[in-house]
> 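Can you read through this structure? Questions will come right after.
If you read the sequence from its start, that first residue is 1, and numbering goes on from there.
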Amino acid sequence: MQLSLTRRCVCEVIGTYCLVLIGCGAMVVDNQTGMLTHVGVATVWGLIVMTMIYSIGDLSGAHMNPAVSIAFASVGRFPIVDAAAYVVAQCVGALLAAGSLGIVFGVDDVKLGATMASLPTGSAWAVEFMMTTILMWVVLGVSTGAKEKSITAGLAVGATIAMEAFVAGPLTKASMNPARSLGPAVMSSHYNLLWLYLTAPIVGAIAGGCLYRFVRGNDELDTEEGSMAKKISALVLFAFLIGACGSTSMAEEGSSLLRPNDRVAVIGGTFVERMQPRDELEAALQTQRPDWKLSFRNLGWSGDTVSAIARKRFDNIEAGRARRLADIDAADPTVALIWYGQSEAGKFAEDSERIQADLMRLVDDLKQRQTRVILLTPVAMPGDRRPNYESGLEAFEQMLRNVARAQSLALVELNWKPSDHQLTDDRMLPNNVGYRELAHLLATALLNESVTDDDATSNLAVTRELTEIPERELLLEAIARKNEFFFHRYRPQNETYLFLFRKHEQGNNAVEIEQFDPIIQEADQAIWDAAGRQ
């Protein structure tokens, strides 16, 4: 005896709630502790799907996925009205689960397990499409009507989810479920690429259903409603494909390495640290995207390298790496710009394997924190007279290309050659003019804006003129204040005087460190206000 539609919808709410709560909860726990690992998270997703199929499969069919319900309706296995009710129930369950995670862990796109892509938009759409097509093929193969038909159904579908999460998890978080993406997105206000996670699974599920129906033939009852549903689904599939291709094309044309509301950490050595007093990069990006409300944290450290050797305190190199991770956690970035190479270039030939291993380790640490990684090539400084400097820079850049290709990371190749008037007296670093023009080129690359040589020359001249505008000076002053506040939040002296062997002198002031956080947030707001007046 079939349950009423209302009771089946309640089962879908409960099933989707458990799915999102446990699955996204595993991502949150792994992000905070690193204990589960990618394999563990993927396994949890497969297990929760399997468990819920055995729990409610004979009651509601355990769809727990709007794409699955829509696909069942598209092949005539499920009434259209019931499918619409299921979609609403599943979205409600996902929203409740994301809200529950928010209560426990706080409202944040990373903490709620929001879906993010590390691939270009078109590739990410294709991955979600293909994964959902395979999933729907398996679901139809182990179901009768719209319900699971044997004890092996849970194992088959759960194993499919786990395997696809193993493969696609690092690429797109392997959503394959519009409700699973919608819940965390709404609760964290992280809507970037949400259209992708709503359309690709639906199109993929319909495609999988149509393919399975074509292979099986018309061996199942073809009701009038089922025939109509197939016609409608064909139109929906066609419309979705056109819309998705158009959206993907537009997104690719204007895709940016940065996204609205990004928290950007710039990680590097002396070259990065010297940007703090007059951060032209942040000024350029805030001016070009004043409505994005970007936040920047400068994590430069004089003498630092990929190995983080300058950040160690009084013991081994591991302390330096731990300190860098602590700095990153304090910045809490959604995207990290890794800008090393100037220091490493002189000895890269003899230390290339270790440097690459250290870079890979840093990338892995950032990925575990669900932070997008953008690699920046180093800038040659004519004042550096080390014998192997230029060849070391070229080798370091090639290493960055290899790592970016292997890890599917974004790489920005600057190819900037400073002139004498853009350098400090010792020609070892850019001066204010040099940093300003370099910042413009980098901002253009991060926003993926194409610039011709004539445009570049014109824009650089405009950038010089902007320094004479009082509003821009106010913006730069606001950025400098924020950078100073953040430096006080994590500066090296804090370790010695507040937390380590000299804490008996000023250790009572350690409680003030976290009090910088709201001050820094207010400084960010002042920057956004100043950028909006440009």
> Can you confirm whether the side chains of Thr115 and Ser175 place a donor and an acceptor under 3.5 Å from each other?
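No, no side-chain donor-acceptor pair sits under 3.5 Å.
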> Do we see a donor-acceptor contact under 3.5 Å between the side chains of Asp364 and Gln368?
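The criterion, which ignores hydrogens and geometry beyond distance, is not satisfied for Gln368 and Asp364.
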> Using side-chain hydrogen bond (donor to acceptor under 3.5 Å, both in side chains), reason through Asp358 and Ser307 one step at a time and then give a plain yes or no.
CA-CA 6 Å; Asp358 289 337; Ser307 304; 2.5 Å; yes
> Taking Thr377's backbone N and O only, do any of them form a donor-acceptor pair with Trp339's side chain (distance below 3.5 Å, no angle check)?
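Flag set: sc Trp339 to bb Thr377 pair under 3.5 Å.
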> Does the side chain of Thr172 pick up a donor-acceptor pair with the side chain of Glu128 at under 3.5 Å?
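There is such a pair between these side chains.
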> Quick one: does Asn431's side chain have a donor or acceptor within less than 3.5 Å of a partner on Thr424's backbone?
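Not at all, since once roles are kept as given, no pair shorter than 3.5 Å links the two residues.
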> Between Thr334 and Asp262, do the side chains contain a donor N or O and an acceptor N or O under 3.5 Å apart?
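The criterion, which ignores hydrogens and geometry beyond distance, is satisfied for Thr334 and Asp262.
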> Which residue in the set Glu473, Glu477, Glu484 passes salt bridge (Lys or Arg N to Asp or Glu O under 4.0 Å) when paired with Arg278?
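Considering Glu473, Glu477, Glu484, a salt bridge (Lys or Arg N to Asp or Glu O under 4.0 Å) with Arg278 is found only for Glu473.
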> Would you say the side chains of Asp279 and Tyr435 form a donor-acceptor pair under 3.5 Å?
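Tyr435 and Asp279 do not have a side-chain donor-acceptor pair below 3.5 Å.
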> Indicate yes or no: at least one non-hydrogen side-chain atom of Leu446 is less than 4.5 angstrom from one of Val264.
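Leu446 vs Val264: side chains apart.
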> Hey, is the main chain of Ala283 close enough, under 3.5 Å, to the side chain of Thr287 for a donor-acceptor pair?
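Yes; judged by distance alone, with no hydrogens or angles, the pair exists.
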> Taking atom NZ as the centre, does Lys347 end up with more than 12 heavy-atom neighbours from other residues, nucleotides or ligands that are less than 6.0 angstrom away?
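No, the 6.0 Å shell around NZ holds no more than 12 heavy atoms from other groups.
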> Between Lys367 (side chain) and Gln407 (backbone), is there a donor-acceptor pair under 3.5 Å?
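At least one qualifying donor-acceptor pair exists.
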> Would you say the side-chain atoms of Tyr389 pair up with the backbone N or O of Met381, donor to acceptor, closer than 3.5 Å?
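It does hold such a pair.
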> Hey, which of Arg436, Glu437, Lys417, Arg427 is the one that makes side-chain hydrogen bond (donor to acceptor under 3.5 Å, both in side chains) with Gln422?
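The residue from Arg436, Glu437, Lys417, Arg427 that satisfies side-chain hydrogen bond (donor to acceptor under 3.5 Å, both in side chains) with Gln422 turns out to be Glu437.
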